[in-house]
Amino acid sequence: MVGLRALIAQDGTVQAMATHSPLSAKLAEEAGFEALWASGFELSALYGLPDVSLITMTQHLEMVRAIAGATLLPIIADIDTGFGNAVNVVHATTEYERAGAAAVVIEDKTFPKVTSLVVDGRQELVRIEEFCGKIEAASAARTSNEFLVIARTEALIASLGQAEAHKRARAYTEAGADMILVHSRQKTPDEIETFITGWDGAVPLALVPTTYPQMTVERIKGTDKVGLVIWGNHAIRAAVSAMQATFAQIRADGGIQNVNAAIVPVTEIFRLQDMDGMKETERRFLR
Ligand code: SPV
Ligand code: MG
């Protein structure tokens with residue numbers, strides 16, 4: 001498996017697709033994405049829950065472990081606020097590195113957090129010193145420098161302005177962050193592009209352009225400062241669209257006679273389950 005650092009050095013900007021399961025991770029790998037985003041939002045949605053620190057570390061970690069067993073792509077684990085203070089961050093970092101993740105992203109919000117994109121969400125940030133302690137804790141807890149500690153600032157999400165966002169990003173870099181994820185929920189890239197222009201490039205940036213889709217890979221690469229772009233929630237949204245359309249058609253038609261053309265055949269699921277591998281195992285070992 002190629003590490004994230006090496007991938008960024010090779011490609012400039014790595015594209016990570018959101019995942020909530022081993023199956024969605026396999027599909028992202030087959031589509032050609034270079035990394036996976038083990039999204040807290042997607043896993044929360046999978047459980048039918050809002051992304052407000054209700055999913056436990058154990059639930060998320062189990063999913064990361066299952067995803068790591070199903071693909072070779074580096075997994076960027078979204079560990080929200082780190083499940084508590086710096087002590088919790090040490091424990092989480094150890095567990096996620098052991099589980100096979102390639103990086104953790106820790107955000108500077110208070111615990112319990114509120115998801116970033118919701119209108120009128122309660123967006124409260126911890127003190128800079130406190131968060132620097134968490135970043136130092138994660139860096140100290142990892143066993144390999146190939147395991148990245150990514151600090152995420154929510155200063156723009158909390159409407160604290162560019163100066164505060166830059167101040168936090170600089171402090172987190174000095175605390176040892178390998179990369180800064182800066183999030184925005186503006187409908188255009190202006191806010192993020194202003195941040196990028198003012199960034200000294202001490203470490204690469206990571207973006208999640210969900211609300212500003214004008215920010216294409218080409219435009220991102222043009223900045224020369226972004227090492228990672230995360231397509232943040234497109235696996236779960238695509239899954240919901242497909243299920244809603246199929247379920248509605250079956251209800252409308254009073255049967256399944258018209259849906260086969262729009263959904264994959266069962267043989268495609270067998271392929272994704274590696275049924276051929278199972279048959280081969282049977283052939284060799286069942287006596
Ligand atoms: C997630 O996917 O869980 C994220 C990205 O953290 S966002 O939901 O946009 O905050
Ligand atoms: Mg998240």
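Because only heavy atoms are used, hydrogens play no part in the values below, and waters and symmetry mates are left out as well, while side chains stay in. Indexing begins at 1, ligand by ligand and atom by atom, following the structure's order. All values reported here derive from a predicted model rather than from experimental measurement.
- L272 approaches E30 most closely through the heavy-atom pair CD2-OE2, 3.8 Å.
- Here K134 does not pair with E136 in a salt bridge; the nearest charged N to carboxylate O distance is not below 4.0 Å.
- Among residues two or more places apart in sequence or in another chain, the side-chain hydrogen bond (donor to acceptor under 3.5 Å, both in side chains) test is passed with D78 by none.
- A ring-centre distance under 6.0 Å is not found for F111 and F83.
- Distance check: L156 CG to H166 NE2 gives 8.5 Å after rounding to the nearest 0.5 Å.
- The 4.0 Å heavy-atom shell around ligand 1 contains residues W37, S39, G40, F41, D51, D78, S116, L117, R152, H183, G232, ordered by chain and number.
- Among pairs with a residue in residues 184-213, those fulfilling salt bridge (Lys or Arg N to Asp or Glu O under 4.0 Å) read E193-R219, at least two apart in sequence or across chains.
- For the Mg ion (ligand 2), the set of protein N/O/S atoms nearer than 2.8 Å consists of D78 OD2, ordered by chain and number.
- Taking OG1 of T153 as the reference point, atom NZ of K167 lies at 11.5 Å (rounded to 0.5 Å).
- Note: W199 and F195 have parallel aromatic rings, judged against thresholds of 30 and 60 degrees for the angle between ring planes.
- Here the two rings, on Y96 and H60, have centers that are under 6.0 Å apart.
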